[in-house]
Amino acid sequence: MNKIYGILFILFFSFNLFASYLKNDQFNEVEYSNLHLVSAIEEALKQKQNLDINSRLLYKYYKKHKFKPFFTQYSRINNLAVGLINEIKNDEALKLNLSKLLPMDQVDIRTELLKNNPTVENIINFDFLLVSVYHKYMTLLSKGSVNWRLFQKELDELKEKEDINANWQRYKTKKDIRLLLYKAYDYNNIHIALDEVNYTFLNAKLLSEAIHNYEQMAKSGGYIKIPNFHKALKLGEYYPEIGVIRERLKQNNLITQKDKDLETINIDKSTSSININNNTLLPIKNSNELYDKELLEAIKKFQKNHGLIPDGIIGKNTLNALNMPIEEKIKKMRINLERMRWLPRNLGDKYIIVNIPDFTMKMYSNKEKILEMPIIVGDSKHPTPIFSHRMSQIVLNPYWRIPQGIVKDEIIPNLIKNPNYLEEEDIKIHENWDHDSIEYDTKEFDWNIFLNNNLIGNEESAPMRFIQIPGDKNPLGKMKFLFPNQYSVYLHDTPFKNLFENSNRALSHGCIRLSNPKDLLKTILSQNSKISYEEADEILKNKDRVEFELDKKIPVHIVYLTSWIDEEGELQFRNDVYGYDKMQEKLLF
């Protein structure tokens, strides 16, 4: 009898405890369902069911999360899932290749399955898939989507076939992708994770938005095509093409005035073609054919935004830029968004950007531009490498240690033609790279011995070293700014200031020549305690070589951007000076 009473007591106590849970909402149907789901997720992971990424990796994601789902709540997809899916589908850099990179069609299918039939199996399948998609997408944000191995192979082929030594370094983020998902889950915001690995380059997100706007314009017919003309168009003259050019510039919002008399112009947007008086250009003088000041300012702005000399003269280069198909511009923008994912995410508080296709150097402090100047970069045979490093040293009145390739290809032939060439150019020959080392007397030397062969040696080993002393003939000018790197590339002065008047300034052997090096020196030394700008300026008046270390190293990022949005919010395009756009376009699209 006592045993029966004991059983009844236990049942009564259990019933009251269960009722208490229900009354206090501590144990309800939802909680029971979640507990069941947690057990089902753990079991599915042990059984390795429906896994889209490495089973051990997926298990790690859920184990620390106590086997709870990430992307569902109460049998429905949550805000985290919605945010991730929308972000991926609107990623302009990946949009054209999305179906190849991520299984978003499967995400759509499993979303519908979950919506119509929220079983435990469908919940698990959806959550596992989205964790897999999250991991793959974060990896793409971290390092970009181009096949880097194939791109490096293309660069190697340039070296083998054309003797072009091209180099490009990519920088991945060093973030723990799993920990970022936990953090995003806790804050119910997927951007907490995405923003940690996505591009941080100035106005990158604005460039992404610009692609969307350009695609809408492409769908409506694209750019109006301007007919060819045989002479440059200038201010104050009448031309039948001017009306068409006005309409083209309106498409970029560079002219906003109301339409002028367009009776002689028939625009067929479906074919992006122009008919003027039945395909004949008649010199009818009306207000729409006058190249006026308003059009001049619009053309200058267009030229500036395309890296052309902003002189307002509409010649062949400006016409080609105006007639560049909008689809080509969209591709160019996408390629450059991809490149922004190859850059270091932390550019620095104060840093320098050298953009090769733009032929400019810009310096920033706290994201504000504090300095800008034209530069000269490597030519197509000696491309400036793309990489990031930190400037640590400045040399005033530098010696130029002439690379052996230049000695072989340029100096030896000049010596054979002119035995006094070394003396005229202030070049000394030493036993090694130390300008205080033994100097050779080569006045009676037969330089024909070294012509068209490799006897002069290479950078590692050579019978002699050619060093040009500081002075007006030294191509390094009066100063150089060092950020020691494997490519022996640096920023430096140059005595050849006239070259900065060229629009295409890919003219050097790889190093970067500055148009106003004193401005950079002054900006850097304004926050350097070891030497003042006034002291440096006095040193520059002499020929004594002086070098000094910087108090704080300055990041230098050499980039290759042919499209970006600048500090004023203007969309910029540049020519593909090294042919990298074409090379990467094949790999990306």
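In what follows, every heavy atom counts, from backbone to side chain, and hydrogens, waters and symmetry copies are set aside. All residue numbers refer to positions in the sequence shown, counting from 1.
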Chemist: Take atom NZ in K304; do more than 12 heavy atoms of anything else shown fall under 6.0 Å from it?
Modeler: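 Incorrect, the count does not exceed 12.
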Chemist: Can you check whether R545 reaches L396 side chain to side chain, under 4.5 Å on heavy atoms?
Modeler: no
Chemist: When rounded to the nearest 0.5 angstrom, what distance separates NZ in K381 from CD1 in I164?
Modeler: 4.5 Å
Chemist: Counting only heavy atoms not in E368, do more than 12 fall under 6.0 Å of its CD?
Modeler: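 Atom CD in E368 is not packed in, count stays at 12 or less.
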Chemist: For the residue pair E424 and N418, confirm or rule out a side-chain donor-acceptor distance under 3.5 Å.
Modeler: yes
Chemist: Let me confirm one number: the CG-CD distance from N203 to E570, rounded to the nearest 0.5 Å.
Modeler: 11.0 Å
Chemist: Nearest 0.5 Å, please: how far is OG in S142 from NZ in K172?
Modeler: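 K172 NZ to S142 OG: 7.5 Å, rounded to 0.5 Å.
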Chemist: When rounded to the nearest 0.5 angstrom, what is the spacing between CG in L550 and CG in L482?
Modeler: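 Here the interatomic distance stands at 9.5 Å.
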Chemist: Exactly one of E585, E215, E328 should register a salt bridge (charged side-chain N to carboxylate O under 4.0 Å, His left out) with R334. Which one does?
Modeler: E215
Chemist: Go through it in stages, so that I can follow the logic: the residues are K473 and E425, the test is salt bridge (Lys or Arg N to Asp or Glu O under 4.0 Å), and I'd like the CA-CA distance, side-chain angles, deciding distance and then a yes or no.
Modeler: CA-CA 6 Å; K473 295 179 180 179; E425 296 298 321; 5.2 Å; no
Chemist: Going through the checks in order, is the side chain to side chain contact (heavy atoms under 4.5 Å, CB included) test met by F302 and R248?
Modeler: CA-CA 11 Å; F302 179 87; R248 169 65 186 83; 4.2 Å; yes
Chemist: More than 12 non-hydrogen atoms from neighbouring residues, nucleotides or ligands closer than 6.0 Å to NZ on K350, yes or no?
Modeler: yes
Chemist: With heavy-atom distances below 4.5 Å as the criterion, would you say the side chains of M324 and K332 are in contact?
Modeler: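 Yes, their side chains come closer than 4.5 Å.
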Chemist: Got H492 and L514 here, is their nearest side-chain heavy-atom distance under 4.5 Å?
Modeler: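 Contact flag for H492/L514 side chains = no.
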Chemist: Using 30° and 60° as the class boundaries, would you call the ring planes of F151 and W168 parallel, tilted or perpendicular?
Modeler: perpendicular
